[in-house]
Amino acid sequence: MIDYPVPIGRPKEGSAGLTGHWRVIKPVIHYDKCTKCRLCYIYCPENTIDLLEGFDVRIDYDYCKGCGVCAQVCPAKAIEMFPEVK
Ligand code: SF4
Ligand code: SF4
(Lines give C-alpha, C1' and ligand atoms only; values in the text may rest on other atoms or scores of the structure.)
(Ligands and ions follow the chains in the order given, each with its own letter.)
Protein backbone atom coordinates (compact mmCIF):
# COMPACT_ATOMS: atom_id res chain seq x y z
CA MET A 1 0.00 0.00 0.00
CA ILE A 2 1.23 3.50 -0.85
CA ASP A 3 1.42 5.71 2.24
CA TYR A 4 0.50 9.16 0.91
CA PRO A 5 0.90 12.11 3.29
CA VAL A 6 -2.82 13.06 3.22
CA PRO A 7 -4.00 15.12 6.24
CA ILE A 8 -6.72 12.67 7.25
CA GLY A 9 -6.61 9.76 9.64
CA ARG A 10 -7.04 6.11 8.86
CA PRO A 11 -10.06 4.37 10.44
CA LYS A 12 -9.43 2.48 13.65
CA GLU A 13 -11.35 -0.14 15.57
CA GLY A 14 -13.86 1.49 17.95
CA SER A 15 -15.28 0.35 21.26
CA ALA A 16 -18.07 -1.44 19.36
CA GLY A 17 -15.58 -3.28 17.17
CA LEU A 18 -14.75 -2.95 13.49
CA THR A 19 -17.02 -0.26 12.01
CA GLY A 20 -17.46 -2.17 8.73
CA HIS A 21 -19.83 -4.51 10.57
CA TRP A 22 -22.52 -1.77 10.40
CA ARG A 23 -22.65 -2.09 6.62
CA VAL A 24 -25.87 -3.32 4.94
CA ILE A 25 -24.79 -2.76 1.33
CA LYS A 26 -21.32 -3.50 0.05
CA PRO A 27 -19.31 -1.90 -2.79
CA VAL A 28 -17.55 -4.27 -5.16
CA ILE A 29 -14.97 -3.04 -7.67
CA HIS A 30 -15.12 -4.51 -11.17
CA TYR A 31 -11.44 -4.31 -11.98
CA ASP A 32 -12.04 -4.97 -15.68
CA LYS A 33 -13.77 -1.55 -15.85
CA CYS A 34 -11.51 0.39 -13.44
CA THR A 35 -9.36 3.05 -15.12
CA LYS A 36 -7.29 3.69 -11.93
CA CYS A 37 -8.44 7.32 -11.80
CA ARG A 38 -8.39 7.21 -7.93
CA LEU A 39 -11.56 9.30 -7.49
CA CYS A 40 -13.02 6.66 -5.17
CA TYR A 41 -9.87 6.83 -3.04
CA ILE A 42 -10.13 10.63 -2.89
CA TYR A 43 -13.85 10.83 -2.09
CA CYS A 44 -14.35 7.93 0.35
CA PRO A 45 -15.47 9.75 3.54
CA GLU A 46 -14.10 6.93 5.71
CA ASN A 47 -10.69 6.89 4.02
CA THR A 48 -11.07 3.15 3.76
CA ILE A 49 -9.94 2.71 0.16
CA ASP A 50 -6.28 1.80 -0.08
CA LEU A 51 -4.08 2.90 -2.95
CA LEU A 52 -1.75 0.16 -4.11
CA GLU A 53 1.32 0.12 -6.32
CA GLY A 54 0.31 0.90 -9.92
CA PHE A 55 -2.65 3.00 -8.69
CA ASP A 56 -4.81 -0.04 -8.09
CA VAL A 57 -7.45 0.59 -5.44
CA ARG A 58 -8.68 -1.83 -2.77
CA ILE A 59 -11.59 -1.45 -0.37
CA ASP A 60 -10.87 -2.26 3.26
CA TYR A 61 -14.10 -4.01 4.25
CA ASP A 62 -13.16 -3.98 7.93
CA TYR A 63 -14.05 -0.27 7.95
CA CYS A 64 -16.16 0.45 4.82
CA LYS A 65 -19.66 1.47 6.00
CA GLY A 66 -21.39 1.00 2.63
CA CYS A 67 -22.30 4.66 2.08
CA GLY A 68 -22.02 4.28 -1.70
CA VAL A 69 -20.11 7.51 -2.34
CA CYS A 70 -17.40 5.60 -4.20
CA ALA A 71 -19.96 4.07 -6.57
CA GLN A 72 -21.54 7.48 -7.18
CA VAL A 73 -18.28 9.22 -8.09
CA CYS A 74 -16.75 6.43 -10.17
CA PRO A 75 -16.77 7.76 -13.77
CA ALA A 76 -16.27 4.28 -15.21
CA LYS A 77 -19.22 2.78 -13.28
CA ALA A 78 -16.76 0.20 -12.03
CA ILE A 79 -18.17 0.01 -8.48
CA GLU A 80 -21.42 -1.82 -7.86
CA MET A 81 -23.32 -1.95 -4.57
CA PHE A 82 -24.68 -5.30 -3.40
CA PRO A 83 -26.75 -6.27 -0.35
CA GLU A 84 -24.46 -7.43 2.45
CA VAL A 85 -24.60 -11.15 3.21
CA LYS A 86 -23.94 -11.70 6.93
S1 SF4 B 1 -19.06 2.56 0.37
FE2 SF4 B 1 -18.47 4.51 1.38
S3 SF4 B 1 -17.12 3.88 3.06
FE4 SF4 B 1 -17.24 2.13 1.65
S5 SF4 B 1 -15.49 2.35 0.27
FE6 SF4 B 1 -17.26 3.34 -0.72
S7 SF4 B 1 -17.13 5.49 -0.14
FE8 SF4 B 1 -15.82 4.34 1.29
S1 SF4 C 1 -13.29 5.71 -9.18
FE2 SF4 C 1 -13.76 3.85 -10.37
S3 SF4 C 1 -12.39 3.92 -12.13
FE4 SF4 C 1 -11.59 5.37 -10.60
S5 SF4 C 1 -10.09 4.16 -9.41
FE6 SF4 C 1 -12.07 4.01 -8.33
S7 SF4 C 1 -13.02 2.11 -9.14
FE8 SF4 C 1 -11.38 2.69 -10.55
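Below, all heavy atoms of this structure are taken into account, side chains as well, without hydrogens, waters or symmetry copies. Counting starts at 1 for both ligands and their atoms, following the listed order.
From the protein, the heavy atom lying nearest to atom 8 (Fe) of ligand 1 is Cys44 SG, 2.3 Å. Scanning the protein heavy atoms around atom 5 (S) of ligand 2, the nearest turns out to be Arg38 N, 3.2 Å. For atom 2 (Fe) of ligand 2, the closest non-hydrogen atom of the protein is Cys74 SG, 2.3 Å. If you check which protein heavy atom lies closest to atom 4 (Fe) of ligand 1, you get Cys64 SG, 2.3 Å. Given atom 6 (Fe) of ligand 1, the protein heavy atom at minimum distance is Cys70 SG, 2.3 Å.
Counting backbone and side-chain atoms alike, Cys67 contributes an N/O/S atom closer than 2.8 Å to atom 2 (Fe) of ligand 1. Distance check for Cys37 against atom 6 (Fe) of ligand 2: none of its N/O/S atoms falls below 2.8 Å.
The local environment of OH in Tyr31 is crowded, with over 12 non-hydrogen atoms from other residues, nucleotides or ligands closer than 6.0 Å.
Judged purely by atom type and a 3.5 angstrom limit, Arg23 uses its side chain to pair as donor or acceptor with the backbone of Cys64. No donor-acceptor pair closer than 3.5 Å links the side chain of Tyr41 to the backbone N or O of Arg58.
Contact analysis puts Pro45 in contact with ligand 1, with a non-hydrogen atom separation below 4.0 angstrom.
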Original post:
Is there a side chain to side chain contact (heavy atoms under 4.5 Å, CB included) between Lys36 and Val57 once you walk through the steps?
Top reply: CA-CA 7 Å; Lys36 305 183 181 186; Val57 288; over 6 Å; no
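Numbered from 1 in the order shown, with element, the atoms of ligand 1 that lie under 4.0 Å from a heavy atom of Thr48 read 3 (S), 5 (S), 8 (Fe). Listed by number with element, the atoms of ligand 2 under 4.0 Å from a non-hydrogen atom of Thr35 are 3 (S), 8 (Fe). Atoms of ligand 1 lying under 4.0 Å from at least one heavy atom of Gly66, given by number and element, are 1 (S), 4 (Fe). For ligand 1 and Ile49, the ligand atoms under 4.0 Å from any heavy atom of the residue are 5 (S).
Atom CG of Asp50 sits about 8.5 Å away from atom CG of Asn47, to the nearest 0.5 Å. Remark: Asp56 CG to Cys34 SG distance equals 7.0 Å, nearest 0.5 Å.
Contacts between Ile79 and ligand 1 below 4.0 angstrom, taking non-hydrogen atoms only, are absent altogether. Contacts between Glu46 and ligand 1, counted as non-hydrogen atom pairs separated by less than 4.0 Å, involve the side chain only.
Between Tyr61 and Pro27, some side-chain heavy-atom pair lies under the 4.5 Å cut-off.
Between Glu80 and the choices Lys33, His30, Lys26, the side chain to side chain donor-acceptor pair (under 3.5 Å) rule is met once, by His30.
Heavy atoms only, all atoms of each residue included: Ile79 and Cys74 are closest at N-SG, 4.2 Å.
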